[in-house]
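Reviewing the structure listed below.
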Amino acid sequence: MAHDYLIIGAGPAGLQLAAALERDGADYVVLERGGVPGAFFTRFPRHRRLISINKVHTGYEDPELRLRMDWNSLLSDDPELLFTRYSPRYFPPADDMVRYLADYAARTGVRVRYDTAVEKVSRDGDGGFTVTDHTGTQWRARRLVVATGVFLPNLPSIPGIELAERYDTFDTDPESFTGQRVLIIGRGNSAFETADSLMENAAVIHVVGSGSLRLAWQSHYVGHLRALNNNFLDSYQLKSQNALLDGRVLEIRRDADGFTVPVSFERVDEVVKDLRYDRVIVAAGFRFDASIFDDTCAPDLIVDGRFPATTPVGESVNVPGLYFAGTLMQGPSFKKSTTGFIHGFRYSVRALHRALRQRHHGEAWPTAELGDTTERAVDAVITRVNRSSALWQQFGVLGDLLLLAPDGTMRYAEEVPVGQVPEAVRAGDFGEVAAHAVITLEYGADHDKVDPFDVTAGRKSQQDVAGLDGRYLHPVLRWYRAGEFVAEHHLTENLENEWDSEEVHRAPLRAFLTARLGPAAPVAP
């Protein structure tokens, strides 16, 4: 007998989806390779400090607003299941995440088979899936959700790369690096986290990678280099025997004293220089393990094969019924959104659950009736952009919908994958829709090309705000009629992220909606 759903992986995404299915009374099972929930966090990050924000004291009483500053909690119906109850630290220890996920699994009652490694996934003749585990046991499911995360090291194609120590297995004891020259291949947080841990012991540390270094505070992508890992840059610019090499490693050669590494420098017209090191570590991120799929259901991959290619709701683009949850959903918006992190994908997983209920169980996407007055629409939009954590975290990825029916009445749908909206409206997933608005929070165009600490850039940004092109996070409404784009409206950015001023925010929004809605939606007296 086939289950309706089989989830591979009991990490954060798998647990949250399973908790929602458990609440539904659905027929599902979770298979987990490790012996505990969230086994990934028992090993990573290697230096045991998370870079996800855990802000306990926000000044907000509203639990939804508090989630904007809580990057670790999963969504559930239990108000006690919050990560902020497990650690007071702004950047908490990884072991606290392990404890939290164990409690989440226990308190939500999810059905997980631990110590069960999936070795093969095949497509059945009836359109379902057969999953074979390490014992040879076969599990059948009508729909398969893969929530394994990315755990395979991403190894660059460099001759001799096998000679390098790997981030996932190297000895992290700084004492073993005392007095040595160390090369770290990679430009992400794992590379700089490693460099930071070795600065007191290593004689020389070089971090190498191609292209310009991206900093999270400028790009607004939290996977770029974070401030807590950039002490190394300070030591480099203040001439403390460490350096950031902008270039490509051409080869790794073992010699009598360690390693010789020719590096092609990008800053000096591809000049190649041979550099000597005692140790070489590769810390170039992780990739998806697609080896479990046979030829009957191998998903297409993107981003140099690191992630599955998915639709906006997380379904494989080429294998119907195969879904991905969690960090595996980030491929289409790689390095542009927060989908690769708990505080982002927890909302994408909730959207996936709603899509599954809609597609396979006949449940409509939740909507609220607004009536036919413009003021109700203004109130709904202003309330959501000032309160929603989903729109805040998944900027430009998830959006709310203001739906105008042919009779002039309006409804409001929350947290719909933006890329799915045109198809969903066209297919009638929200009933009859004459026109609709997509409401998102977004950064402005070229926001990542401006230094936010440059006061001259700040003045330019303020001029842009007056022209409704603010570079900082702000609400955006795009209006469509009969599926065609008509106009857009930007609410002016605000230092406190409070978009509720009558003069600055509500009145311009009211005017925009009045012009779009027409006489069918009069302003209430």
Side-chain angles (χ1 to χ4, degrees), residues 40 42-48 149-214 223 225 229-233 235-236 240-268 270-291 301 303-307:
F40 177 89
T42 64
R43 294 184 60 206
F44 301 104
R46 295 299 311 284
H47 299 89
R48 310 309 294 145
V150 287
F151 58 87
L152 287 183
N154 185 47
L155 300 179
S157 298
I158 299 171
I161 192 67
E162 70 280 358
L163 300 175
E165 300 172 64
R166 295 184 353 191
Y167 172 78
D168 60 326
T169 57
F170 87 102
D171 180 5
T172 58
D173 181 6
E175 294 290 336
S176 68
F177 291 84
T178 300
Q180 295 183 341
R181 293 176 57 89
V182 182
L183 176 68
I184 301 173
I185 301 174
R187 299 285 284 272
N189 283 291
S190 59
F192 281 92
E193 161 205 322
T194 300
D196 190 58
S197 73
L198 302 180
M199 284 200 297
E200 292 182 356
N201 295 83
V204 172
I205 305 171
H206 291 170
V207 175
V208 63
S210 184
S212 299
L213 182 66
R214 303 302 303 277
L225 181 59
N229 285 328
N230 72 11
N231 283 336
F232 180 84
L233 299 182
S235 72
Y236 168 38
S240 297
Q241 292 187 283
N242 297 324
L244 179 66
L245 309 183
D246 300 311
R248 297 175 295 111
V249 172
L250 302 181
E251 184 183 4
I252 302 172
R253 300 194 302 264
R254 191 185 298 277
D255 60 29
D257 298 323
F259 302 92
T260 297
V261 180
V263 176
S264 176
F265 285 86
E266 296 174 340
R267 288 179 180 264
V268 286
E270 298 294 325
V271 169
V272 176
K273 184 175 182 179
D274 284 350
L275 301 174
R276 192 199 69 78
Y277 300 98
D278 300 295
R279 307 273 286 273
V280 179
I281 302 170
V282 57
F286 296 89
R287 63 191 305 115
F288 171 52
D289 181 7
S291 65
L301 304 178
V303 192
D304 296 325
R306 292 180 64 181
F307 301 99

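What you find for V182 and F177 is that their closest heavy atoms are CG2-CD2, 3.7 Å. Counting all heavy atoms, side chain and backbone alike, N242 lies closest to S235 at ND2-OG, 3.0 Å. Residue P45 comes nearest to E193 through the heavy atom pair CB-OE1, 3.6 Å, listed as atom of the first residue, atom of the second, then distance. When all heavy atoms of F259 and I252 are compared, the closest pair comes out as CD2-CG2, 4.0 Å. Nearest approach of I205 to A195, heavy atoms of both residues: CD1-O, 3.6 Å. Closest of all the heavy-atom pairs between G186 and V207 is O-CG1, 3.1 Å.
L245 has its side chain within reach of F265: a pair of non-hydrogen atoms, C-beta onward, lies under 4.5 Å apart.
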Take V150 and F288, measure what side-chain contact (heavy atoms from CB on, under 4.5 Å) needs, and give me the verdict at the end. CA-CA 5 Å; V150 287; F288 171 52; 4.2 Å; yes

Before you tell me yes or no, could you show the steps for I185 and V261 under side-chain contact (heavy atoms from CB on, under 4.5 Å), namely the whole-Å CA-CA distance, both residues' side-chain angles and the distance that decides it to 0.1 Å? CA-CA 11 Å; I185 301 174; V261 180; over 6 Å; no

Please test L155 against R166 for side-chain contact (heavy atoms from CB on, under 4.5 Å), starting from the C-alpha separation and ending with a verdict. CA-CA 9 Å; L155 300 179; R166 295 184 353 191; 4.2 Å; yes

One pair to check against side-chain contact (heavy atoms from CB on, under 4.5 Å): R187 and L225. What are the steps and the verdict? CA-CA 8 Å; R187 299 285 284 272; L225 181 59; over 6 Å; no

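Of the inter-residue distances, the one linking D257 atom CG with Y277 atom OH reads 15.0 Å to the nearest 0.5 angstrom. From I281, atom CD1 reaches atom CG of L198 across 5.5 Å, with rounding to the nearest 0.5 Å. A distance of 11.5 Å separates CG of L163 from CD1 of I158, quoted to the nearest 0.5 Å. If you take CG on L152 and CG on D168, they are separated by 9.0 Å, rounding to the nearest 0.5 Å. For the atom pair N189 CG and T194 OG1, the distance stands at 10.5 Å (nearest 0.5 Å). A distance of 12.5 Å separates CE in M199 from CD in Q241, rounded to the nearest 0.5 Å.
Taking the six-membered ring where tryptophan is involved, the planes of F170 and H47 are tilted, since the angle between them lies from 30° to 60°.
Ionic pairing of D304 and R287 is not present here: no N-O contact between side-chain nitrogen and carboxylate oxygen is shorter than 4.0 angstrom.
In this structure, R181 contributes its side chain and G258 its backbone to no donor-acceptor pair below 3.5 Å. Within the 3.5 Å criterion, the main-chain N or O of F232 finds no donor-acceptor partner in the side chain of D196. R279 contributes a side-chain N or O that, together with a main-chain N or O of S176, makes up a donor-acceptor pair within less than 3.5 Å. In terms of modelled atom types and a separation under 3.5 Å, the side chain of Y167 and the main chain of R46 share a donor-acceptor contact. No donor-acceptor pair closer than 3.5 Å links the side chain of E266 to the backbone N or O of R248.
A side-chain donor from one of D255 and T260 sits under 3.5 Å from a side-chain acceptor of the other.
A side-chain contact (heavy atoms from CB on, under 4.5 Å) with L183 holds for exactly one of D278, V282, V208; it is V208.
Summarising the local packing, CD of E200 is surrounded by 12 or fewer heavy atoms from other residues, nucleotides or ligands at distances under 6.0 Å.
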